[in-house]
Trainee: 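This is the structure I have questions about; it appears just below.
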Amino acid sequence: MAFEIQEQVDLTPYNSFGVSQVAAYFADIQDPADLSQAREFAASKRLSVLVLGQGSNTLFINDFPGLILYMNNRGRQILPGAGMLRAAAGENWHELVMFCLQNSLYGIENLALIPGTVGAAPIQNIGAYGVELDQFFVELEVFDLKTGEIRHMSKADCQFAYRDSIFKQDLGQKLVVLSVTLQLSLEPVLEIGYTGLKDALVGQEATPQSVFDAVCAIRSSKLPDPKQIGNAGSFFKNPVISRSKLVSLRELYPELPAWDTEDAELVKIPAAWLLDQKGWKGRQRGGAAVHEDHALVLVNRDNASGEDVVLLAQDMSSSVLQSFGIALQTEVRII
Ligand code: EPU
């Protein structure tokens, strides 16, 4: 099919919240070679450009006046080096996890059922149940919208951190991920320390398959399926606070959970727990609501606009700031 740029495209099917904003221009990128043409088009009309995978971490609060690059290139390739694998940005992440399991490439079972594409995975360094993408990351290929060149970026270049990377900073916004290369293990590597996961595996042998099944079961029981009710997973990041702050908070809230971080002075605490204390589960504002079973997940309950979601999120973070003195940061990208 010849490459074309569409106009006035309804974004409802392209964002997992299912909000209905319109993009002025939209390009379905099945072949990365088409990016040069898309780049020239944007430059000639002075359009801002937004890269979109499956839109599972993006909330549109307005129509988008620029060009959307919908990354839809496909391909998975097991490379000659033991356990090396390259996948195109437009591949579905969960399907890649299943592909790895079927091909005895181990390590990413804990990242099963994370919505979105392979190309989106490094943007926020996806993580779940004690595993993060950067542990398996080797390099990626990007198209640079500023120069029109394709280049490779190493793990150090990507500056991964908790739900963060260079792609979330100004510099990185001009880079379109084309493919990602991972180093997986030929032997099972099991990470089953995360409380909920450990509990789910009691009485079973831990194998890559049983861990994969348990992760799928936990996620399906706690997190709403975006195909049934619009949502973008965790709306806020889990805050990282100092150990002394934790001690003072625990004087009032002895039950407050906390996880160690790489920095001995800092701990991570669950935003969901803070929000739950403030009674947010199930509350609604306009068409947007907090999920009944998980206080960190905002859902499109009744034809919500992006603004409904943002107003609800603002009220939630104000209440946490007031009660706990902690400023929540959004994990979801707001456009
Ligand atoms: N909790 C509550 N109330 C709730 C929900 C949870 O008090 O409504 C408590 C739980 O009891 C538990 C703690 O909060 O002690 C953590 O909950 P959970 O295990 O559900 O994980 P989370 O911190 O809310 C993070 C990630 C998820 C990931 C899970 C599992 C972030 C922002 N979120 O959630 O990632 O799946 O851990 O590893 O780091 C995502 O990024 O979109 C996402 C879903």
Side-chain angles (χ1 to χ4, degrees), residues 15-17 53-59 93-94 97 108-117 120-135 160-165 168 191-201 211-212 214-226 230-241 246 249-250 253-261 267-283 289-299 309 313 316-317 319-320 323-324 326 328-334:
N15 74 94
S16 65
F17 265 112
Q54 284 163 349
S56 50
N57 205 45
T58 302
L59 176 65
W93 173 262
H94 179 65
V97 175
I108 54 174
E109 302 79 31
N110 298 42
L111 306 182
L113 274 192
I114 294 185
T117 57
I123 310 301
Q124 56 157 341
N125 187 21
I126 56 171
Y129 308 103
V131 171
E132 279 187 344
L133 177 79
D134 64 354
Q135 294 168 243
F160 292 121
Y162 166 62
R163 292 296 192 277
D164 200 22
S165 72
K168 285 199 161 180
E191 172 54 64
I192 52 172
Y194 197 88
T195 317
L197 185 55
K198 212 186 313 175
D199 299 345
L201 285 164
V211 170
F212 171 88
V215 167
C216 291
I218 299 170
R219 288 192 78 100
S220 312
S221 71
K222 284 212 289 199
L223 300 170
D225 178 354
N231 76 88
S234 303
F235 196 89
F236 300 100
K237 290 188 193 180
N238 283 333
V240 173
I241 61 171
L246 177 67
L249 281 171
R250 277 199 173 147
Y253 307 97
E255 311 281 296
L256 172 61
W259 301 287
D260 291 337
T261 67
V267 291
K268 201 193 281 174
I269 60 171
W273 192 92
L274 303 174
L275 290 163
D276 214 359
Q277 297 305 300
K278 301 303 298 173
W280 278 105
K281 254 187 225 163
R283 278 165 70 179
V290 184
H291 188 51
E292 277 86 359
D293 301 328
H294 205 299
L296 201 51
V297 180
L298 301 193
V299 299
V309 180
M316 293 166 77
S317 53
S319 84
V320 167
S323 300
F324 303 99
I326 293 173
L328 293 181
Q329 287 178 345
T330 56
E331 202 225 279
V332 168
R333 178 172 68 154
I334 297 168

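For ligands, and for the atoms within them, numbers begin at 1 and follow the listed sequence.
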Trainee: How long is the gap from OH on Y129 to OG1 on T195, to the nearest 0.5 Å?
Mentor: 11.0 Å
Trainee: Could you check atom 38 (O) of ligand 1 against the protein and tell me its nearest heavy-atom contact, residue, atom and distance included?
Mentor: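 Minimum-distance protein heavy atom for atom 38 (O) of ligand 1 reads Y129 N, 2.6 Å.
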Trainee: Is the backbone N or O of A120 less than 3.5 Å from a side-chain atom of W93, with the two atoms forming a donor-acceptor pair by type?
Mentor: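 Checking the backbone N and O of A120 against the side chain of W93, no donor-acceptor pair under 3.5 Å is found.
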Trainee: Does N238 use its side chain to pair, donor to acceptor, with the backbone of A271 at less than 3.5 Å?
Mentor: yes
Trainee: Does Q277 come within less than 4.0 angstrom of ligand 1, counting non-hydrogen atoms of the residue?
Mentor: no
Trainee: Say whether H291 and ligand 1 are in contact under the criterion: heavy-atom distance to a ligand atom below 4.0 Å.
Mentor: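 Judged by the 4.0 Å heavy-atom criterion, H291 does not count as contacting ligand 1.
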Trainee: Keeping the roles fixed (side chain from S165, backbone from I123), state whether a donor-acceptor pair exists under 3.5 Å.
Mentor: yes
Trainee: Tell me, which protein residue and heavy-atom name are nearest atom 39 (O) of ligand 1, and how many Å apart are they?
Mentor: Y162 OH, 2.7 Å
Trainee: What atoms of ligand 1 come closer than 4.0 angstrom to any heavy atom of W273?
Mentor: 2 (C), 7 (O)
Trainee: Using heavy atoms and a threshold below 4.0 Å, how should the contact between Q124 and ligand 1 be classified: side chain, backbone, both, or neither?
Mentor: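 For Q124, no heavy atom sits under 4.0 Å from ligand 1.
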Trainee: Out of all atoms in ligand 1, which are within 4.0 Å of some heavy atom of K281? Include the element for each.
Mentor: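 Checking each atom against K281, I get 4 (C), 8 (O).
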Trainee: Return the OH to CD1 distance between Y194 and I218, rounded to the nearest 0.5 Å.
Mentor: 9.0 Å
Trainee: So if I count the atoms of ligand 1 from 1 in the order they appear, which ones are less than 4.0 Å from some heavy atom of L296?
Mentor: 24 (O)
Trainee: How long is the straight-line distance from CZ of F236 back to CE of M316, given to the nearest 0.5 Å?
Mentor: 5.0 Å
Trainee: Where the side chain of Q135 meets the backbone of E132, is there a donor-acceptor pair that is under 3.5 Å apart?
Mentor: yes
Trainee: Looking at CD of E331 and CZ of R163, how far apart are the two atoms once the value is rounded to the nearest 0.5 Å?
Mentor: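 CZ of R163 is found 5.0 Å from CD of E331.
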Trainee: Taking the side chain from N125 and the backbone from A161, do they hold a donor-acceptor pair closer than 3.5 Å?
Mentor: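 Between the backbone of A161 and the side chain of N125 there is a qualifying donor-acceptor contact (under 3.5 Å).
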Trainee: Tell me: protein heavy atom nearest atom 15 (O) of ligand 1, and distance?
Mentor: P257 CG, 3.8 Å
Trainee: How does W259 reach ligand 1, if at all, at less than 4.0 Å between non-hydrogen atoms: by side chain, backbone, both, or neither?
Mentor: side chain
Trainee: Should G130 be counted as touching ligand 1, given the test is an N or O pair under 3.5 Å?
Mentor: no
Trainee: If we set the cut-off at 4.0 Å for heavy atoms, which region of P270 has an atom near ligand 1: side chain, backbone, both, or neither?
Mentor: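 The part of P270 near ligand 1 is the side chain, not the backbone.
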Trainee: Atoms of ligand 1 less than 4.0 Å from R219 heavy atoms?
Mentor: 36 (O), 44 (C)
Trainee: To check your reading of the model: name the closest protein heavy atom to atom 2 (C) of ligand 1, its residue, and the distance in Å.
Mentor: D276 OD2, 3.6 Å
Trainee: Can you list the ligand 1 atoms lying under 4.0 Å from a non-hydrogen atom of F236?
Mentor: 32 (C)
Trainee: Within this structure, what is the CG-CD1 distance for the pair N57 and I334, rounded to the nearest 0.5 Å?
Mentor: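 One gets 10.0 Å once the value is rounded to the nearest 0.5 Å.
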Trainee: Just how far is it from atom CG of N110 to atom CG of L197, taken to the nearest 0.5 Å?
Mentor: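 It is 6.0 Å, given to the nearest 0.5 Å.
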Trainee: To which protein heavy atom is atom 6 (C) of ligand 1 closest, and what is the distance rounded to 0.1 Å?
Mentor: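 Checking every protein heavy atom, the shortest distance to atom 6 (C) of ligand 1 gives A272 CB, 3.5 Å.
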Trainee: Can you find a protein heavy atom under 4.0 Å from atom 11 (O) of ligand 1?
Mentor: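 Protein heavy atom within 4.0 Å of atom 11 (O) of ligand 1: absent.
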Trainee: For ligand 1, which atoms have a heavy atom of A295 less than 4.0 angstrom away?
Mentor: 4 (C), 8 (O)
Trainee: List the closest protein heavy-atom neighbour of atom 21 (O) of ligand 1: residue, atom name, distance to the nearest 0.1 Å.
Mentor: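 Scanning the protein heavy atoms, the shortest distance from atom 21 (O) of ligand 1 goes to Y194 OH, 3.2 Å.
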Trainee: Give a yes or no on whether the ring-centroid distance for H94 and F212 is below 6.0 angstrom.
Mentor: yes
Trainee: Should you measure from each heavy atom of E331, which atoms of ligand 1 turn up under 4.0 Å away?
Mentor: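 Heavy-atom distances to E331 below 4.0 Å select 32 (C), 40 (C), 41 (O), 42 (O).
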Trainee: For atom 43 (C) of ligand 1, is the nearest protein heavy atom under 4.0 Å away?
Mentor: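 At least one protein heavy atom is under 4.0 Å away.
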Trainee: Looking only at distances, can you tell me whether any N or O atom of K237, backbone or side chain, sits closer than 3.5 Å to an N or O atom of ligand 1?
Mentor: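 It does not: no N or O of K237 is found under 3.5 Å from an N or O of ligand 1.
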Trainee: Considering non-hydrogen atoms of the protein only, which is the closest contact for atom 33 (N) of ligand 1, and what is the distance?
Mentor: S234 OG, 3.0 Å
Trainee: Just by distance, do the side chain of S323 and the backbone of V320 share a donor-acceptor pair under 3.5 Å?
Mentor: no
Trainee: What's the shortest distance from atom 22 (P) of ligand 1 to any protein heavy atom, and which residue and atom give it?
Mentor: N238 ND2, 4.0 Å
Trainee: Would the distance check show the side chain of S16 and the main-chain N or O of N231 forming a donor-acceptor pair, the cut-off being under 3.5 Å?
Mentor: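 Yes, S16 side chain to N231 backbone: donor-acceptor pair under 3.5 Å.
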